[in-house]
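All remarks here apply to the structure that follows.
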There are 2 protein chains.
Amino acid sequence: MAMREGVRSGGRSARVQEAVHQAVKELEQLKTREELTVPQVASRAGVTPSTIYRRWGNLAELLADVSLERLRPDGEPPDTGSLAGDLQAWGEQYLEEMTSAPGLRGLNDVMASADSERRECCYRYSESIMATLCARAHARGEPAPSVDALVDGIIAPMTYRLLYDRETATSARLSEWIARTLVAID
Amino acid sequence: MAMREGVRSGGRSARVQEAVHQAVKELEQLKTREELTVPQVASRAGVTPSTIYRRWGNLAELLADVSLERLRPDGEPPDTGSLAGDLQAWGEQYLEEMTSAPGLRGLNDVMASADSERRECCYRYSESIMATLCARAHARGEPAPSVDALVDGIIAPMTYRLLYDRETATSARLSEWIARTLVAID
DNA sequence: TTCATAAAGCAAACATTTTGCGTTTGGTCG
DNA sequence: CGACCAAACGCAAAATGTTTGCTTTATGAA
């Protein structure tokens, strides 16, 4: 009875998804984005191309789907004892991830996807991390800006620089963004 | 002698480029991005597909190339008498452009391009506008932040919200970004 | 176990992309 | 000005990728 929209969750369907994702991850390391094709992925995953086309639509969506997983934060950000410290620590690690070849490709794959929901998903990841750090600050009795202010003051310039002018996405600048954002607490 | 890299600038080459760009602009209004194909564009431009493939590589790059033109600022931003006013006026107009269907598509096309140079180009457009407004402020004897501070404080959150959470890219928020950025002048 | 149907396989039809080769045409230099 | 070289284009065949109709498999619920 709990069947809604007729989506299959377990068994073969899940196995195929897993195999295809795995195949993409493996092939990404052997080939550039340009020379990666759906038939290749299908063949390595032991699946027919039509399965991939019917499920993901095209290569861009498949890649975005796989990359979104990689972009999802996997653990709690480290607690350094202060909001500024937490932001710096988390930001530096994020910058490092995103300036690496796979991180950059992941970012691009998500940006290239026609499905805007995926980008919103990235946004929500960042938002939830900022909320976590904010909550921590409050628990410590530390004054903290709103989550929106953190997103606008730190996430936005960091992401903007990563996307538009990679060279300037540095941890030195990160410090400035943090400082500016934290002095402006109402 | 002024021939560098052997790129053709005039004559047929330019005519073909113009025809292809024109064809893309026309077809964009009749079809969605999904149903637009290289052969279609070629046919409407009176050109063979192979010409397009050899020159642009693929549809994504062609669309990004065309969209980059649209994104280029075409005139001087209006002078309102104050830096805050200039930023608000320019920003509102930019937001309006970018939340429209063609503006959004243009933004997406550039983001989907594999060529990062195009994104850097967008960055430079914004940077030069901020520089213009800064120079104006200086001429008036008004205190003004650095261009980088304006980019990080205003362009970045505006672009970030446009890309990741369109609903929140509003002129009300723009006012906040401007206020925050201008009070922080060193 | 049985049943209904979502999802996968298969293969043919279809569309797009690549490529080799001959032709046109800018830009430069004698 | 006229000849030359190479870039860019056209054409068409070949290779490759994508879509689609139909059949088969196997999940989840009764």
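These numbers were taken from a predicted model, which means no experiment stands behind them. For the numbers below, each heavy atom of this structure counts, side chains included, while hydrogens, waters and symmetry mates do not. The chains referred to below are lettered A, B, ... by the order of the sequence lines, with proteins before strands, and numbering in each begins at 1.
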task: Could you tell me which residues satisfy ring-ring contact (aromatic ring centres under 6.0 Å, His included) with B/Tyr94, sequence neighbours excluded, listed by chain and number?
output: B/Trp90
query: Quick one: A/Glu34 CD to D/dG17 P, roughly how many Å, whole number?
result: 13 Å
message: Let's see if you can work this out: which of C/dG9, D/dA8, D/dG17 has an atom nearest to the side-chain heavy atoms of B/Ser13?
response: D/dA8
- prompt: Reckon B/Arg55 has a side-chain N or O less than 4.0 Å from the OP1 or OP2 of D/dC9?
  reply: yes
field: Between D/dA7 (P) and B/Gln17 (CD): distance, integer Å
entry: 18 Å
- prompt: Can you name the residues that form a side chain to side chain contact (heavy atoms under 4.5 Å, CB included) with B/Ala89, not counting sequence neighbours?
  reply: B/Pro78, B/Thr80
message: D/dG10, OP1 or OP2 - any side-chain N/O from B/Thr48 closer than 4.0 Å?
response: yes
task: Specify the separation, in whole Å, of atom CD of B/Glu35 and atom P of C/dA15.
output: 15 Å
query: Going through the checks in order, is the side chain to side chain donor-acceptor pair (under 3.5 Å) test met by A/Ser175 and A/Gln88?
result: CA-CA 7 Å; A/Ser175 305; A/Gln88 184 78 30; 3.2 Å; yes
task: Applying salt bridge (charged side-chain N to carboxylate O under 4.0 Å, His left out), name anything that partners A/Glu61, two or more places apart in sequence or on another chain.
output: A/Arg118
- prompt: Within this structure, what is the CZ-to-C1' distance between B/Arg12 and D/dA6, rounded to whole angstrom?
  reply: 13 Å
task: Take the protein atom CD of B/Glu18 and the nucleotide atom P of D/dC9, then report the distance between them rounded to whole Å.
output: 14 Å
statement: Residues pairing under salt bridge (charged side-chain N to carboxylate O under 4.0 Å, His left out) where one sits in residues 42-54 of chain B, two or more places apart or in two chains, turn out to be B/Glu26-B/Arg44
field: All salt bridge (charged side-chain N to carboxylate O under 4.0 Å, His left out) counterparts of B/Arg166, not counting sequence neighbours
entry: none
- line: When rounded to whole Å, the CD1 to P distance for the pair B/Ile52 and D/dC11 reads 14 Å
Distance, rounded to the nearest Å, where A/Arg15 contributes CZ and D/dG28 contributes P: 10 Å
Check nucleotides 18-22 of chain C against the protein and report each pair of N or O atoms closer than 3.5 Å, with its distance, or say if there are none.
residue	atom	partner	partner atom	Å
C/dG20	O6	B/Arg54	NH2	2.4

